[in-house]
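Order of the sequence lines sets the chain letters (A, B, ...), proteins ahead of strands, with each chain counted from 1. It should be emphasised that the depicted structure is a prediction, and the values quoted were computed from it without experimental measurement. Values reported hereafter were calculated over all heavy atoms of this structure, with side chains retained and with hydrogens, waters and symmetry mates removed.
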2 protein chains.
Amino acid sequence: MDITLSIPDWVTSEIAELPTHFPTLEDRMTQVIRFSQKNFINKTGGPFAAGIFEKESGKLIAMGVNRVVPSNCSSAHAEIMALSTAQKILGTFDLGGEGLPDHQIVINGQPCAMCFGSIPWSGVRSVVTAAMGYEVEALTGFDEGPVHPNWIHELEKRGIEVITDVMRAEACTVLAQFGRTGQLVYNGRLGGA
Amino acid sequence: MDITLSIPDWVTSEIAELPTHFPTLEDRMTQVIRFSQKNFINKTGGPFAAGIFEKESGKLIAMGVNRVVPSNCSSAHAEIMALSTAQKILGTFDLGGEGLPDHQIVINGQPCAMCFGSIPWSGVRSVVTAAMGYEVEALTGFDEGPVHPNWIHELEKRGIEVITDVMRAEACTVLAQFGRTGQLVYNGRLGGA
């Protein structure tokens with residue numbers, strides 16, 4: 001029995017056309033926001049994307065987008081897709097493993113409770129976000145779930161840098177655009193609580 | 001680009017030999033603990049298993065085991081494997097969707113921060129655990145991560161029943177057996193914090 005999750009072909013094609021490196025945080029977030037927008041415009045998933053970059057060089061390792069509905073898999077969030085793809089490409093379950101450069105995850109919104117918890121396991125050393133959790137919820141209707149009340153401190157305690165508010169307004173504009181499409185907002189209780 | 005996670009063949013073979021239904025919580029947890037033990041004895045992953053059952057009938061839908069190291073995927077925890085497999089089998093990202101019976105996840109240990117966060121998204125209506133988080137950590141060396149301080153209340157608030165302490169001693173015995181094997185304990189910071 002296999003579970004197969006796929007990155008859409010348009011993501012792979014677009015990455016092939018991009019530069020290999022993105023020097024600044026704004027360069028990185030610009031791409032992540034663009035992929036978050038194309039994902040719902042192309043109807044390949046929800047309005048979320050996450051990129052894995054080498055922190056110092058800015059080399060793009062992997063780009064994940066939300067795939068919950070097309071994959072019939074509630075865990076196929078953008079962050080899980082990005083981390084899993086980067087780990088497959090690098091051949092390790094630990095992006096912080098010996099001999100590897102520091103890796104950074106760049107996300108268009110604050111991670112939900114699950115994706116927050118996935119970060120310490122992944123080995124990334126840096127997290128960069130745009131929209132805050134309450135903005136994601138207000139603009140899209142998605143539920144961030146039971147996020148740890150001190151999520152930033154909990155990551156920092158584990159040696160993981162957290163940088164918020166990078167292109168926050170731009171990310172919110174795209175989330176609001178999604179909100180106006182009327183596309184499905186799933187919350188794991190479509191059958192009623 | 002695909003990410004493929006696999007349930008080991010021995011799991012599929014063993015499930016085929018089992019009854020289809022497990023009436024009591026102890027019947028269900030007995031199987032989950034047995035799979036958690038066979039997983040490290042067979043060297044197919046860490047000492048964790050999770051079963052998805054229909055809550056009322058006790059029908060076994062899917063059994064997941066930890067696959068982090070063999071899959072090079074830090075998110076391939078037993079709970080994620082079990083939920084994703086059940087969702088694939090039932091053809092939905094929402095195990096609480098309309099027309100479905102209530103589903104229950106039965107786990108040999110308290111879920112880590114990530115798996116805790118995955119539960120509200122999954123649509124399960126009931127969570128059953130054996131070992132507590134501090135026991136998992138003390139007996140195996142695995143880190144449960146930044147679990148929400150009020151994790152039980154946060155699930156209950158969302159209409160998800162939580163039942164702890166089912167065959168806790170039996171689960172701890174198996175975790176202690178794993179601890180004595182000296183097998184790899186990964187924590188996403190093998191390269192140092």
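- In this structure, Ile107(A) is a member of the same hydrophobic cluster as Ile152(A), with clusters built from ILVMFWY side-chain heavy atoms closer than 4.5 Å.
- Heavy atoms of Cys112(B) lying under 4.5 Å from chain A belong exclusively to its side chain.
- Using a 30° and 60° split on the angle between ring planes, Trp121(B) and Phe142(A) fall in the tilted class, from 30° to 60°.
- Placement of Leu184(A) and Leu175(A) within a single hydrophobic cluster is found when ILVMFWY residues are connected by side-chain heavy-atom separations under 4.5 Å, directly or transitively.
- Met1(A) and Thr12(B) get closest at one heavy-atom pair: N-OG1, 4.2 Å.
- Note: His77(A) leads His77(A), Glu154(A), Lys157(A) in heavy-atom pairs under 4.5 Å with chain B.
- With chain B as the partner, the residue from Val69(A), Leu83(A), Ile119(A), Asp9(A) showing the most heavy-atom pairs under 4.5 Å is Val69(A).
- For the pair Pro120(B)/Pro146(A), a side-chain contact is recorded, criterion being any heavy-atom separation below 4.5 Å from C-beta on.
- Note on Ala113(B), Cys115(B), Ala86(B), Gly91(B): by heavy-atom pairs under 4.5 Å with chain A, the leading option is Gly91(B).
- Between chain B and the residues Pro8(A), Ser71(A), Ser74(A), the largest count of heavy-atom pairs under 4.5 Å involves Ser74(A).
- The minimum heavy-atom distance between Asn72(B) and Thr92(A), with the atom names listed, is OD1-CA, 3.5 Å.
- Residue contact with chain A, scored on non-hydrogen atoms closer than 4.5 Å, involves the side chain of Ile89(B) exclusively.
- Of all the listed residues (Leu95(B), Ile160(B), Thr85(B)), the one sharing the greatest number of non-hydrogen pairs under 4.5 Å with chain A is Thr85(B).
- For chain A, the nearby parts of Ser84(B) are the backbone and the side chain; heavy atoms of each come within less than 4.5 Å.
- Across Met81(B) and Ile3(A), no two heavy atoms sit closer than the pair O-CD1, 3.8 Å.
- The two atoms that bring Pro149(B) and His148(A) nearest to each other are CD-NE2, 3.5 Å, heavy atoms only.
- For Arg158(A) against Gly145(B), the heavy-atom pair with the smallest separation is NH2-C, 3.5 Å.
- For Gln87(B) against Cys73(A), the heavy-atom pair with the smallest separation is OE1-CA, 3.4 Å.
- For Val11(B), no part sits under 4.5 Å from any heavy atom of chain A, backbone or side chain.
- Linking ILVMFWY side-chain heavy atoms closer than 4.5 Å, directly or via other members, places Met132(B) and Ile163(B) in two distinct hydrophobic clusters.
- Hydrophobic clustering (ILVMFWY, side-chain heavy atoms < 4.5 Å, transitive): Val147(B) and Tyr134(B) are in distinct clusters.
- With hydrogens and angles ignored, the 3.5 Å screen pairs a side-chain donor or acceptor of Lys88(A) with a backbone N or O of Asp2(B).
- Note on Leu100(B): it does not cluster hydrophobically with Val106(B), by side-chain heavy-atom contacts below 4.5 Å among ILVMFWY residues.
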